[in-house]
Amino acid sequence: MNLKKYFVRALHRLQKGPGYTYKELLVWYCDNTNTHGPKRIIKEGPKKKLIWFFLTLLFASLVFWQWGILINTYLSYNVTSSLSIGFKTMKFPAVTVCNANPFKYSEVKHLLKELDRLIEAALERILQPTPGNSSENISPPLDLELWHQIPLVLIDEHDKDNPVILDIFESNQGAVGNQSTAGNQTTAGNETTASNQTACSHQGSDNCTYRNFTSAAQAVTEWYILQSTSILSKVPLQERIRMGYQAEDMILACLYGAEPCNYKNFTQIYHPDHGNCYIFNWGMDEEALNSSNPGAEFGLKLILDISQQDYIPYLSSAAGARLMLHQQKSFPFLKDQGIYAMAGTETSIGVLVDELERMGYPYSDCTMNGSDVPVKNLYSQYNTSYSIQACLRSCFQNHMIEICGCGHYMFPLPEGVNYCNNEDNPGWAYCYSSLRSSIRHRQICIDSCKETCNDTQYKMTISMADWPSEASEDWIFHILSYERDMSTNVTLDRNGIIKLNIYFQEYNYRTISESAATTIVWLLSSLGGQFGFWMGGSVLCLIEFGEIIIDSLWITIINVIGWCKGLKQKRAQARYPDAPPTVSELVEAHTNLGFQHEDGGALPRDEALPPEPGTPPPNYDSLRVQPLDVLGPDSDAE
């Protein structure tokens with residue numbers, strides 16, 4: 001009951017309003033506010049009143065201008081980076097080692113036989129680019145099908161205005177015409193030539209792409225890689241693993257700290273660029289190893305055999321081991337982040353750790369685990385963590401599958417898709433080249449992928465020395481050969497042996513972390529400082545200003561309601577121009593009206609009988625009777 005009374009009183013108070021007019025409310029605010037300026041406007045003379053009005057308006061504008069700048073700065077979500085140095089026992093990084101050559105030449109020679117014959121004949125003609133050299137003099141004849149799909153040509157640029165294409169396996173030659181294939185140059189004899197690689201959507205098509213090289217060595221290597229990719233993509237994965245370097249043949253010795261290890265402590269993965277790779281301390285099946293102390297004596301020591309004599313001559317021109325340090329459960333992208341270790345040397349790698357901590361949304365567009373990235377991670381089949389390299393490659397492979405209808409050999413495949421090859425996809429090289437050079441598709445992938453919010457980077461200090469020395473190489477090679485092959489003969493040499501030392505230089509680690517440059521506390525203090533400096537105000541002054549705004553809205557609403565009521569009354573008066581009879585007039589008219597006898601005589605008022613039920617009321621033409629609701633509750637009382 002008390003609650004009902006409270007609401008009734010509140011409703012009456014709302015209907016009454018604040019009790020001021022606009023002018024009275026404005027005068028009251030200026031006279032009672034704690035903000036400097038408005039009081040002087042109403043209390044000073046006419047001239048000073050104008051001056052103070054101008055100053056108050058000016059400084060209020062400055063306050064709002066500064067507030068806009070501060071709010072915009074806060075909403076930009078800038079960050080500051082801080083560097084801190086700590087000391088702790090750290091996990092030893094995962095170490096991936098691969099051979100620079102992906103396959104043993106003795107195992108893949110039968111697959112690359114025709115390709116090798118073709119490239120050898122092409123090299124002969126590149127060294128002697130004279131008309132008349134053709135493939136007809138070679139026995140057995142060359143299979144030029146691969147050549148016609150992606151040909152190599154020489155461009156004679158002796159005449160800059162009219163460069164001439166010299167096809168290696170054709171006696172005829174033609175002018176370049178309107179094709180913009182010349183530009184990169186190399187000197188061969190007395191004439192200027194450029195090597196060019198051409199890929200077309202199909203044989204005989206004019207829809208081609210051209211790649212220029214400054215050297216024929218670069219052109220031959222790129223051409224051989226492209227053709228071997230088509231051949232090896234048709235080989236099953238298990239067969240490719242068998243043709244690569246096995247762990248027991250490649251890892252000759254292993255020592256971690258004071259504990260011996262062997263090839264069984266490494267996890268094998270297949271990498272398209274380097275064949276079989278082996279990862280130490282990956283952390284997939286067991287806990288990651290901690291480093292007991294910094295220094296070379298407490299790190300990982302490896303002796304590797306890369307078997308350089310079994311390299312593919314045209315596929316890999318670099319000899320050595322490819323290695324990379326990375327986090328546990330992350331995929332190693334050796335082509336981007338790996339380093340080479342040279343054969344015949346002892347390579348020492350001192351490691352320092354940098355930990356990066358980025359702030360997430362809205363301060364940066366980073367991701368914690370890649371779940372909010374719109375690109376399907378094709379490297380998740382390895383059960384590895386998200387990385388931006390995996391995202392970029394997955395994005396490219398997805399575009400390749402969508403546009404070209406097949407996947408590139410260097411990247412993982414989703415289910416139900418095959419790798420590209422010349423037989424099933426004759427125009428795949430043109431499609432791949434066009435897609436790789438497309439800035440639009442590249443930008444799509446860059447915009448779609450995100451950096452990880454937390455990352456660990458390993459900074460390496462590398463030093464090398466010849467190993468083994470001339471004085472000790474005989475006994476070292478004898479022992480290593482015996483341990484691997486159980487043979488008293490020396491089967492190893494300096495060109496195939498690599499020794500690695502990987503260790504923490506120190507346990508100091510650096511943490512580079514981001515923090516918000518502007519916080520809500522900074523915003524409030526800055527807003528208050530500007531308001532207090534220019535207007536001498538505080539939070540209470542803002543509350544006072546809010547109060548006058550509410551009262552003004554209150555007065556406006558009441559005025560609108562009163563205007564609507566007045567409009568309604570005017571419409572009612574226009575509908576009924578005469579005033580309706582009062583209740584007393586209706587009662588008097590009713591009591592003075594008599595009833596007639598059956599013979600026509602009038603009955604006294606006391607003897608008048610009520611009408612029978614269901615009888616319509618008499619027609620009083622002389623009375624204007626309004627509807628019953630006009631009578632109101634007083635008629636019932638009568």
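As the structure is a prediction and not an experimental result, all values here were calculated from the model.
For Gln443, the CD atom sits in a packed shell: over 12 heavy atoms of surrounding residues, nucleotides or ligands are nearer than 6.0 Å. Residue Tyr77 places its OH atom among more than 12 non-hydrogen atoms of other residues, nucleotides or ligands, all under 6.0 Å distant. Under a cut-off of 6.0 angstrom, the local environment of CD1 in Ile439 is sparse, with at most 12 non-hydrogen atoms contributed by other residues, nucleotides or ligands. Few gaps surround NZ on Lys234; more than 12 heavy atoms of other groups in view lie less than 6.0 Å from it.
Judged by distance alone, with hydrogens and angles left aside, the side-chain atoms of Ser394 form no donor-acceptor pair with the main-chain N or O of Val375 at under 3.5 Å. At distances below 3.5 Å, at least one donor-acceptor pair connects side-chain atoms of Asn101 with backbone N or O atoms of Ile312. Side-chain atoms of Ser233 come within 3.5 Å of backbone atoms of Cys420 as a donor-acceptor pair (strictly under, hydrogens ignored). At least one donor-acceptor pair under 3.5 Å links the side chain of Arg442 to the backbone N or O of Arg436. Looking only at distances, no side-chain donor or acceptor of Glu222 sits under 3.5 Å from a matching main-chain atom of Val220. For Ser434 (side chain) and Cys431 (main-chain N/O), no donor-acceptor pair under 3.5 Å exists by modelled atom type. Between the side chain of Arg358 and the main chain of Ser364, no donor-acceptor pair closer than 3.5 Å is present. Side-chain N or O atoms of Asn281 include one that pairs as donor or acceptor with a backbone N or O of Leu289 at under 3.5 Å.
Side-chain contact between Ile241 and Gln238 is present, with heavy atoms from C-beta onward closer than 4.5 Å. No side-chain heavy atom of Trp282 sits less than 4.5 Å from a side-chain heavy atom of Thr96. Using a 4.5 Å heavy-atom threshold, the side chains of Tyr386 and Cys449 count as touching. Proximity of Tyr245 to Asp310: side-chain heavy atoms (C-beta onward) are separated by under 4.5 Å at one or more points. At a threshold of 4.5 Å between non-hydrogen side-chain atoms, the residues Pro414 and Ile401 count as touching. A heavy-atom distance below 4.5 Å is found between the side chains of Tyr432 and Phe396. Residues His399 and Ile444 have side chains in contact (heavy-atom distance under 4.5 Å, counting atoms from C-beta outward). The closest side-chain heavy-atom distance from Tyr105 to Leu315 is not below 4.5 Å.
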(message) For Phe331 and His326: C-alpha separation, side-chain torsions, deciding distance, then whether side-chain contact (heavy atoms from CB on, under 4.5 Å) applies.
(response) CA-CA 8 Å; Phe331 190 87; His326 54 98; over 6 Å; no

(request) Output, in order, the C-alpha distance, side-chain angles, deciding distance and verdict of side-chain contact (heavy atoms from CB on, under 4.5 Å) for Thr347 and Ile339. (result) CA-CA 11 Å; Thr347 302; Ile339 61 173; 6.0 Å; no

(request) Determine, stepwise, if the pair Glu239 / Arg242 fulfils salt bridge (Lys or Arg N to Asp or Glu O under 4.0 Å). (result) CA-CA 5 Å; Glu239 182 66 14; Arg242 186 194 64 79; 2.5 Å; yes

(request) I would like to know whether Leu378 and Asn398 meet side-chain contact (heavy atoms from CB on, under 4.5 Å); could you show each step before the answer? (result) CA-CA 9 Å; Leu378 299 179; Asn398 291 331; 4.1 Å; yes

(request) Given side-chain hydrogen bond (donor to acceptor under 3.5 Å, both in side chains), test Ser330 with Ser385 step by step and report yes or no. (result) CA-CA 5 Å; Ser330 64; Ser385 58; 5.1 Å; no

(request) Would you please test Tyr278 and Thr267 for side-chain contact (heavy atoms from CB on, under 4.5 Å) and show each step? (result) CA-CA 5 Å; Tyr278 303 96; Thr267 303; over 6 Å; no

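To the nearest 0.5 Å, atom CE of residue Met284 and atom CD1 of residue Ile269 are 9.0 Å apart. For the atom pair Leu523 CG and Leu75 CG, the distance stands at 8.0 Å (nearest 0.5 Å). Going from atom CD1 of Ile349 over to atom OG1 of Thr461 covers 10.0 Å, rounded to the nearest 0.5 Å. Here the CD1 atom belonging to Ile446 is positioned 13.0 Å from the NE2 atom belonging to His441, to the nearest 0.5 angstrom. Once rounded to the nearest 0.5 Å, the distance linking CG of Asp273 with NZ of Lys335 reads 4.5 Å. Between the CG atom of Asp305 and the CD atom of Gln308 there is a distance of 10.5 Å, given to the nearest 0.5 Å.
Residues Tyr363 and Asn78 approach most closely at CD2-O, 4.0 Å, considering heavy atoms. Looking at every heavy atom in both residues, Met359 comes nearest to Cys366 through O-SG, 3.4 Å. Smallest separation of non-hydrogen atoms from Tyr311 and Ala318: CE2-O, 3.5 Å. The minimum heavy-atom distance linking Ala341 with Leu323 is given by the pair CB-CD2, 3.8 Å. Annotation for Met410 and Tyr379: closest pair O-OH, 4.5 Å, computed over non-hydrogen atoms. Considering all non-hydrogen atoms of both residues, Ile225 and Thr229 come closest at O-OG1, 2.7 Å.
With no hydrogens or angles considered, a side-chain donor-acceptor pair links Asp372 and Thr367 at under 3.5 Å. For the 3.5 Å distance criterion, the side chains of Asn422 and Trp428 qualify, holding a donor opposite an acceptor. Counted by atom type alone, Asn276 and Gln268 present one or more donor-acceptor pairs between their side chains at under 3.5 Å.
The aromatic rings of Phe266 and Phe280 are tilted relative to each other, their planes meeting at an angle between 30° and 60°.
At least 2.5 Å separates the SG atom of Cys445 from that of Cys391.
Tested against Thr456 for a side-chain hydrogen bond (donor to acceptor under 3.5 Å, both in side chains), the candidates Glu355, Gln328, Gln327 yield a single pass: Gln327.
Salt-bridge annotation for Arg117 and Glu114: present, with a side-chain N of the basic residue lying under 4.0 Å from a carboxylate O of the acidic one.
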